[in-house]
Amino acid sequence: MGCGHKDDKASLASSQRVSFSHQPHQPPSTPASKEVWKKGGRMFSILLAVHLALLACTLVSSGAFEKIAVHDYDVFFLLTVMMLVVIIWIIFYLFGISRCPDAIPCKDSHAGPIWLRGGLILFAIFSLVMDVFKIGYYSSFYSCLSAIKIIYPIVQAIFVVVQTYFLWASAKDCVHVHLNVTRCGLMLTLTTNLAVWMSAVTDESVHKAHSKLKKNVTDEIFRWLLKAGMRSSSPEECNCNSQICQVFKNGYFWLYPFNIEYSLFASAMVYVMWKNVGRFIDHHSHHIHRLKFRLFRRTFFVGIVLGLITLVSGLGVLILYEVQVNSSTESSKKSQALSMYYIFNIVCLGLMSLVCIGGSVIYRFDKRDMDRHKNPTRTLDVALLMGAALGQYAISYYSIVAIVASTPRDAISALNLTYALLMIAQHTFQNIFIIEGLHRQPPKEDHKHDSHQKDLYGLTFVNISAVSLRMPDSGSTLAPSTVSGSEAIHPSDLVRSLTAPKKMNWRRKFLKEISIFLLLSNIILWIMPAFGARPQFDNDTELNFYGDSMWPAIVDICLPFGIFYRMHAVASLLEVYIMS
């Protein structure tokens with residue numbers, strides 16, 4: 001396979017030749033035409049992605065209804081074909097890049113940071129374990145199943161391994177060969193991840209909804225709810241009765257949140273790669289900041305301690321909530337569990353809101369410049385934060401309307417109303433804080449300042465000792481010393497220069513404390529709904545107000561975005577922590 005034609009470089013060279021030629025009748029060409037063709041190539045890949053996404057969404061949603069002749073193995077077949085095509089394209093990409101030494105003239109230092117790729121690998125490991133559990137579950141009664149149900153998790157495991165290596169090795173690439181093929185391949189990869197995400201969210205949501213609503217709703221609801229689980233023409237022959245089968249079934253359902261987050265993380269990284277195809281980076285304005293992650297340096301440990309207390313307390317609340325709601329049939333224990341859940345979240349959300357406000361105030365006094373350079377990664381981070389927050393906003397506003405319009409009102413309703421209002425406030429203030437942090441220039445004077453401080457620290461004693469040897473007994477005023485061609489330095493100036501950095505660092509220390517506390521708090525707020533604590537299904541106010549059909553549909557559509565928001569906020573806050 002050849003290297004292809006480098007359209008961007010050729011067009012740039014031709015534009016330079018035309019601009020320096022002395023033939024006025026020749027039309028100046030190509031920066032404009034190059035930009036038009038770049039947009040045309042992007043538009044073609046976007047159209048391909050839109051059509052594939054609509055096809056996948058149609059199959060997944062059609063498979064949710066029992067009266068429609070679309071089955072889950074039809075969905076599995078489409079996803080399997082898409083994943084196989086993506087695997088072939090990734091191999092083509094890696095092989096082609098390896099044979100073209102000039103295929104990647106520059107890299108985007110902001111794309112694919114190490115903590116994002118590390119998170120991707122963590123979710124990939126859990127996704128592989130989920131695929132193993134799925135293979136074991138479907139293999140328990142393979143005689144009555146379609147073969148695609150066993151082939152699908154095998155192909156998905158291969159897809160996860162190949163894609164994870166691809167994103168780890170190539171996330172920063174700015175490719176300049178096979179531009180249109182690369183754009184279409186990346187968009188196909190992105191669409192495949194979104195299709196897998198839609199299928200996983202559907203399957204996981206119906207499982208959670210079944211466990212929460214089986215005591216409150218009729219069987220008609222579950223025929224309406226989206227369902228991507230097992231269906232067979234003879235379900236009585238495919239019952240999961242053995243102990244090992246139950247272990248596999250419960251195991252892969254518990255691992256679904258990690259697979260969901262893996263698909264979204266991979267989609268975000270692939271999108272940044274797609275934006276960087278054919279991109280030239282100005283190295284004079286595109287600074288590479290090599291920042292070290294030092295968790296226990298330059299902190300007061302307040303944020304870490306409070307965050308760990310919140311994390312451990314949240315895990316305890318989650319365990320008690322699951323035990324009292326799912327294992328007990330008494331309404332008093334259910335009300336007690338809901339009260340405990342709401343009180344914990346109210347305290348946590350209120351504290352997080354205050355901390356975010358404090359961090360935003362500190363940014364007002366921050367002397368660092370705003371980073372206004374083109375950065376597709378940061379643009380995507382901000383868009384995902386704002387877009388994913390809409391899911392939790394929608395649930396909160398629906399809850400507020402239901403609580404205010406419903407009668408009678410009890411203590412649970414008051415707690416639920418406070419929880420919904422604080423959820424809106426916390427998302428808003430946290431987005432402001434994160435966006436402020438992402439748009440700040442990282443500290444770049446540290447090494448210069450520290451080395452200068454060390455030099456001054458040594459010069460303090462050297463010069464004072466030298467001056468003291470020459471000091472006359474009369475104690476007359478000394479002239480400032482001159483050090484190796486630099487400006488005159490007075491001992492009092494040296495003392496001020498030594499103490500100045502300590503006065504400037506308090507803002508950064510507080511920002512680090514705020515970031516690490518918010519990071520740990522968002523982790524527990526992601527864990528609780530992702531692993532079963534969903535009071536939207538246990539609180540009767542919204543269910544009675546909107547009905548058994550509308551309210552579960554609202555939650556199933558909006559809640560995955562709220563869960564993704566928390567995990568994306570964790571990644572963004574880690575970046576803010578390192579940049580502070």
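Put simply, the side chain of M352 does not reach to within 4.5 Å of the side chain of H427, judged on heavy atoms. The side-chain heavy atoms of W168 and I114, taken from C-beta on, include a pair separated by under 4.5 Å. With a 4.5 Å cut-off on side-chain heavy atoms, D381 and H568 count as touching. Residues L349 and L525 have side chains in contact (heavy-atom distance under 4.5 Å, counting atoms from C-beta outward). Within the 4.5 Å cutoff, the side chain of M130 has heavy atoms near those of the Q156 side chain. Considering only heavy atoms from C-beta on, R42 stays 4.5 Å or farther from V277 through its side chain. Residues L390 and Y393 have side chains in contact (heavy-atom distance under 4.5 Å, counting atoms from C-beta outward). Contact of the V177 side chain with the I97 side chain is registered, since non-hydrogen atoms from C-beta on lie closer than 4.5 Å.
Here F258 pairs with F126, W526, F531 under the ring-ring contact (aromatic ring centres under 6.0 Å, His included) rule; sequence neighbours left out. Contacts of F429 classified as ring-ring contact (aromatic ring centres under 6.0 Å, His included), with partners at least two apart in sequence or in another chain: none. Partners of Y262 by ring-ring contact (aromatic ring centres under 6.0 Å, His included), not counting sequence neighbours: none found.
Closest non-hydrogen pair, A53 versus T191, comes out as N-CG2, 3.5 Å. Contact detail for F517 and L351: the closest heavy-atom pair is CZ-CD2, 3.5 Å. Nearest heavy-atom pair, V160 versus A124, reported as atom, atom and distance to 0.1 Å: CG1-CB, 3.8 Å. What you find for F344 and G314 is that their closest heavy atoms are CZ-CA, 3.4 Å. Between Y321 and M340 the shortest heavy-atom distance is N-CE, 4.0 Å. Of all heavy-atom pairs spanning M528 and L318, the tightest one is O-CD1, 3.9 Å.
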May I have the step-by-step check of side chain to side chain contact (heavy atoms under 4.5 Å, CB included) for L179 and R183, ending in yes or no? CA-CA 6 Å; L179 299 184; R183 290 189 181 106; 3.7 Å; yes
Would I343 and V317 satisfy side chain to side chain contact (heavy atoms under 4.5 Å, CB included), going step by step from the backbone distance to the final call? CA-CA 10 Å; I343 290 173; V317 170; over 6 Å; no
For C356 and I432, run side chain to side chain contact (heavy atoms under 4.5 Å, CB included): C-alpha distance rounded to whole Å, both residues' side-chain angles, the deciding distance at 0.1 Å, then the answer. CA-CA 8 Å; C356 290; I432 294 173; over 6 Å; no
Please step through side chain to side chain contact (heavy atoms under 4.5 Å, CB included) for the pair I527 and R566, ending with a clear verdict. CA-CA 9 Å; I527 291 175; R566 292 298 177 187; over 6 Å; no
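Taken from SG in C184 to CD1 in I46, the straight-line distance is 10.5 Å, to the nearest 0.5 Å. If you take CG on L79 and CG on L84, they are separated by 11.0 Å, rounding to the nearest 0.5 Å. Put simply, CD1 on I260 and CG on L255 are 11.0 Å apart, with the number rounded to the nearest 0.5 Å. Between the OG1 atom of T189 and the CE atom of M269 there is a distance of 12.5 Å, given to the nearest 0.5 Å. Between E513 atom CD and L518 atom CG the span is 11.5 Å, to the nearest 0.5 Å. Distance check: K134 NZ to I150 CD1 gives 13.0 Å after rounding to the nearest 0.5 Å.
A salt bridge links R364 with E436; the closest basic N to acidic carboxylate O contact falls under 4.0 Å.
Taking the six-membered ring for Trp and thresholds of 30 and 60 degrees, Y93 and F166 have ring planes more than 60 degrees apart, a perpendicular arrangement. Below 30°, between 30° and 60°, or above 60°: for Y256 and Y252 the angle between ring planes is above 60°, a perpendicular geometry. Aromatic ring pairs are classed by plane angle as parallel below 30°, tilted from 30° to 60° and perpendicular above 60°; the pair Y419 and Y342 is tilted.
The closest donor-acceptor contact from the side chain of S98 to the backbone of F95 lies under 3.5 Å. At distances below 3.5 Å, at least one donor-acceptor pair connects side-chain atoms of S263 with backbone N or O atoms of N259.
For N431 and Y565, the side-chain atoms include at least one donor-acceptor pair closer than 3.5 Å.
Counting only residues at least two apart or in different chains, salt bridge (Lys or Arg N to Asp or Glu O under 4.0 Å) contacts with residues 310-320 are absent. Residue pairs meeting the salt bridge (Lys or Arg N to Asp or Glu O under 4.0 Å) criterion with at least one member in residues 167-177, sequence neighbours excluded, are K107-D173. Residue pairs meeting the side chain to side chain donor-acceptor pair (under 3.5 Å) criterion with at least one partner in residues 116-126, sequence neighbours excluded, are absent.
Between Y152 and the choices Y137, F77, F76, the ring pair (Phe, Tyr, Trp, His ring centres under 6.0 Å) rule is met once, by F76.
In this structure, F433 has its ring center closer than 6.0 angstrom to the ring center of Y363. The ring of W197 has its center closer than 6.0 angstrom to the ring center of F561.
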